[in-house]
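Values reported hereafter were calculated over all heavy atoms of this structure, with side chains retained and with hydrogens, waters and symmetry mates removed. Naming: A, B, ... by sequence-line order, numbering from 1 per chain.
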Amino acid sequence: MNKEARLKASINQKLTETGERDRLKELLRAKLTECGWKDQMKAQCKEVIKEKGLEHVTVEDLVVEVTPKGRALVPDSVKKELLQRIRGFLSQHAS
Amino acid sequence: MKMEEKPLSGPDNTRLEALMQDIYSELVEDACLGLCFEVHRAVKQGYFFLDETDQDSIKEFEIVDQPGVDIFGQVFNQWKNKECECPNCKRLIAASRFAPHLEKCLGMGRNSSRIANRRLASNNNISKSESDQEDNDDLNDNDWSYGAEKKSKKRKSDKNQNSPRRSKSLKHKNGELGTSISSDPYKQYNYNAGISYESLAPNEVRSLLTTQCGVISEHTKKMCTRSHRCPQHTDDQRRAIRLFLLGPSVPTLPDVDGDGFDVPDSQAVLSRLQWEDSPDISPADSASSKASGNHSDSRRPKKKKKPAAVAAALSMSGGGGGVNLMGVSGAVSQSTISLSTKKKKPKAAAAAAPSVSSIFNELN
């Protein structure tokens with residue numbers, strides 16, 4: 001388990017150091033907006049807000065309600081592309 | 001790179017795959033969280049619901065999908081066939097023609113003043129010149145259309161009231177007119193083709209030749225009135241004409257060729273100055289023989305009088321600062337003598353004239 005933890009830590013470190021993490025984040029955001037995922041999620045948020053009331057909605061409320069749906073709503077193509085890039089990175093940098 | 005490809009080594013595969021999934025989920029969660037923050041802030045700041053309108057407005061501005069009508073519900077072409085009453089002339093004008101009509105009617109706008117001026121000018125001319133004539137009635141009847149036709153030719157005829165065309169047409173229509181209408185300098189202007197050199201005084205010939213091509217056309221026997229660069233005639237022709245008309249020494253072409261100041265023959269200068277002595281340059285043969293005779297005559301007696309003659313030239317051309325010119329004239333005569341070896345006489349005086357005048361200019 002230690003190995004795994006160490007491996008994971010080192011990979012994460014490399015991701016951040018090389019700037020790959022930020023690049024991946026931007027890529028993901030762009031792809032999600034492009035495919036309409038963001039608008040769908042906003043609609044979900046609206047419902048939550050209407051449910052909880054405009055004045056009293058908190059970040060926690062939104063996160064708890066919306067994140068699982070968000071994870072599920074990511075289109076396959078976007079998911080695959082991202083996994084591809086991560087795999088490429090790993091094959092490059094895994095010791 | 002295929003999706004199913006697993007280039008990673010065996011035992012680490014699963015670990016790396018798992019790692020991959022972890023990283024992916026982390027990224028997605030990050031995105032979701034970012035969105036939630038964004039939405040929450042929008043809600044608290046109050047701009048989250050701004051792009052939504054109430055039901056009534058939505059119904060009002062719904063997209064229209066009926067035939068004959070655009071998406072706003074407006075009929076295309078609705079005002080095209082309507083007529084509007086002009087506040088000025090009280091006429092009913094079609095809507096699309098309304099703006100231009102108003103411009104003319106009110107006399108404002110860019111074109112209306114131009115047109116009005118043109119019309120006034122042409123009407124004045126027509127009424128002035130043809131007031132005594134029989135066919136004036138016809139013209140008066142067709143006043144509007146005649147004016148319209150004249151529009152395109154307007155500029156040329158407006159420019160010069162004494163233009164050849166006008167005086168010629170006048171002469172035709174009214175035999176009494178003769179040359180009384182047009183002013184003197186134009187009396188020799190015949191119909192459009194040029195000038196007849198026969199009726200010109202030598203001064204006028206000279207001045208004309210300095211500005212115009214002047215080549216005499218074979219079939220009309222008239223001088224070409226175009227510029228020195230007129231494409232119909234060559235420089236040689238121009239030179240020949242000047243030789244012919246003014247004597248062998250004075251081709252007054254402003255654009256002297258690159259020979260520069262060669263052969264400003266003193267005799268040439270003198271013979272030019274002595275123009276009054278041989279005023280009668282008659283056509284063709286006699287002129288050339290006479291001119292050459294003139295040249296040989298002038299050669300002998302004038303040699304000793306160079307400085308005086310050149311000084312006379314300077315004073316003639318300029319007319320001021322008498323005493324100072326003597327030194328200059330001496331210089332000029334010396335330069336003319338020194339350069340006299342080359343044999344291109346027709347250009348002599350032309351070169352001399354610019355050099356003399358340029359020196360004179362420097363003085364002043």
Please report the shortest heavy-atom distance between [X] and [Y], naming the atom on each side.
| X | Y | result |
| --- | --- | --- |
| B:Leu19 | A:Leu90 | CD2-CD2, 4.1 Å |
| B:Asp22 | A:Lys8 | OD2-NZ, 3.3 Å |
| A:Val57 | B:His40 | O-NE2, 3.4 Å |
| B:Cys32 | A:Gly70 | SG-CA, 4.2 Å |
| B:Leu35 | A:Lys38 | CD1-CG, 3.6 Å |

Can you establish whether the number of heavy atoms outside [X] located under 6.0 Å from its atom [atom1] is more than 12?
| X | atom1 | result |
| --- | --- | --- |
| B:Arg97 | CZ | no |
| B:Leu92 | CG | yes |
| B:Tyr47 | OH | yes |
| A:Arg23 | CZ | yes |
| B:Asp65 | CG | no |

Using 0.5 Å steps for rounding, measure from the [atom1] atom of [X] to the [atom2] atom of [Y].
| X | Y | atom1 | atom2 | result |
| --- | --- | --- | --- | --- |
| A:Ile86 | B:Gln21 | CD1 | CD | 8.0 Å |
| A:Lys42 | B:Cys36 | NZ | SG | 12.0 Å |
| B:Arg15 | A:Glu4 | CZ | CD | 5.5 Å |
| A:Leu15 | B:Glu26 | CG | CD | 8.5 Å |
| B:Met20 | A:Leu83 | CE | CG | 4.5 Å |

Under a 4.0 Å N-O cut-off, is there an ion pair linking B:Lys44 with A:Glu55? no
Side chain, backbone, both or neither: which part of [X] has a non-hydrogen atom closer than 4.5 Å to chain B?
| X | result |
| --- | --- |
| A:Leu32 | side chain |
| A:Val74 | side chain |
| A:Arg29 | side chain |
| A:Val66 | side chain |

N/O donor-acceptor pair under 3.5 Å between A:Lys79 side chain and B:Tyr24 backbone: no
Donor-acceptor check, side chain of A:Lys46 to backbone of B:Phe48, threshold 3.5 angstrom: yes or no? no
Can you check whether [X] reaches [Y] side chain to side chain, under 4.5 Å on heavy atoms?
| X | Y | answer |
| --- | --- | --- |
| A:Thr67 | B:Leu33 | no |
| B:Ile23 | A:Phe89 | no |
| A:Val63 | B:Phe37 | no |

So what's closer than 4.5 Å to chain A heavy atoms on B:Leu27: side chain, backbone, both or neither? both
Would A:Leu28 and B:Asp30 count as a side-chain contact (heavy atoms from CB on, under 4.5 Å) here? Give the steps. CA-CA 10 Å; A:Leu28 182 64; B:Asp30 219 29; over 6 Å; no
